[in-house]
Visitor: 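So that we are looking at the same thing, I have put the structure below in structure tokens.
One is the number of the first residue; the rest follow in order along the sequence. Remember, it's a predicted structure, so these values are computed and weren't measured experimentally.
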Amino acid sequence: MKLQVVPARTGATWVKEGIRTFWRQPLALSGLFFIFLGLISICSLLPYFGAFAGLMVLPAMSLGLMAASREALLGKFPMPSILFTGFRQGPLQSRRILLLGFCYAMLFSFILTLSSLFDGGEFARMYLLGGEINEDIVNDSHFQEAVLFSFVMYLPLSALFWHAPALVHWHMQPVAKSLFFSIMACVSNWRAFAVFGLAWVLIFITTSLLLSLISMLTDEGQLSPILLLPAMLMLSAMFFTSCYFSFKDCFISEPVLA
């Protein structure tokens, strides 16, 4: 395994490959994404530590979606069991995936705890426990600062775990080494990831604006909200499909495992 530095334009290629691969198996990949959301939601409903458990399974589930993208790329139909790919290579690999999840949940919780310094924990409570977002909360400057702080702090956390589950699974790397190479790959290829992120932001915004425009032109005020949720979910499934290609291009050599 060797880290590879790619041109900035590769970020756009990841987006195109992800969308193209999604449409090879749209029903399977959409269904897997819905199952992914459902599993996270079920974990979050557990008493006492539900929110932490939901965060803890994210790395394993994201690996499963990467594996599903790889299956679709190879012309195969990914089954629901592929979401648990990280736990199918023996106890050592399973422990590593669980440890990654625990580290992710701890660091994410730490970020939310720090955000409480800005708004007294309002954003953290809303994120972990849910709640209605009203105009007063959104316009509160302290709440806005907490949200901005959490977003900025989440960027390095995301880079730290972006490739880590895949490195643990496909390249048999220990946890510490997978985290190190993950953030190094993201930092070394920050231009490509910037293009990748910007492209997806534009796609989401453009889709939202187009649906709003269609709703206005057809005089169907409720059409946009009805179409917006499934459209955003489908785009999210495409986004997760494209994540596999960022991993594939950042590291030279074929994965050790199928």
Visitor: Hey, are the side chains of I19 and S242 touching, using non-hydrogen atoms and a 4.5 Å cut-off?
Guide: no
Visitor: CZ of F33 to CZ of F239: how many Å apart, nearest 0.5 Å?
Guide: 9.5 Å
Visitor: Might you point out which heavy atoms bring T21 and A72 nearest each other, and give the distance in Å?
Guide: CG2-CB, 3.8 Å
Visitor: Name each donor-acceptor pair under 3.5 Å that joins a side chain in residues 182-197 to protein atoms two or more places apart or in another chain, with its distance.
Guide:
from : atom 1 : to   : atom 2 : distance (Å)
S182 : OG     : A159 : O      : 2.7
S182 : OG     : L160 : O      : 3.2
S182 : OG     : W162 : N      : 3.3
S182 : OG     : H163 : N      : 2.9
S188 : OG     : M184 : O      : 2.8
N189 : OD1    : V6   : N      : 2.6
N189 : ND2    : Q4   : O      : 3.0
N189 : ND2    : A185 : O      : 3.1

Visitor: I need the minimum non-hydrogen distance between L73 and K248, along with the two atoms involved.
Guide: CD2-CE, 4.4 Å
Visitor: Could you measure the distance from the CG atom of L63 to the OG1 atom of T85? Nearest 0.5 Å is fine.
Guide: 6.0 Å
Visitor: If you take the centroid of each ring, where Trp contributes its six-membered ring, are F247 and W170 closer together than 6.0 Å?
Guide: yes
Visitor: Just verifying a value: how many Å separate L74 CG and R24 CZ, rounded to the nearest 0.5 Å?
Guide: 8.5 Å
Visitor: side-chain hydrogen bond (donor to acceptor under 3.5 Å, both in side chains) with Q25: which residues, sequence neighbours excluded?
Guide: none
Visitor: From R88 CZ over to Q93 CD, what is the distance, rounded to the nearest 0.5 angstrom?
Guide: 13.5 Å
Visitor: Under the side-chain hydrogen bond (donor to acceptor under 3.5 Å, both in side chains) test, which residues partner S178, sequence neighbours left out?
Guide: none
Visitor: Between F118 and F123 (judged by ring centroids, cut-off 6.0 Å), do the two rings come close enough to count as a pair?
Guide: no
Visitor: Is the F108-Y127 ring centre distance short of 6.0 angstrom?
Guide: yes
Visitor: Only one of W14, W200, F36 forms a ring pair (Phe, Tyr, Trp, His ring centres under 6.0 Å) with F240, so which one is it?
Guide: F36
Visitor: Any side-chain heavy atom of T207 within less than 4.5 Å of one from M232?
Guide: yes
Visitor: What is the minimum heavy-atom distance between M66 and Y244, and which atoms define it?
Guide: O-CD1, 3.8 Å
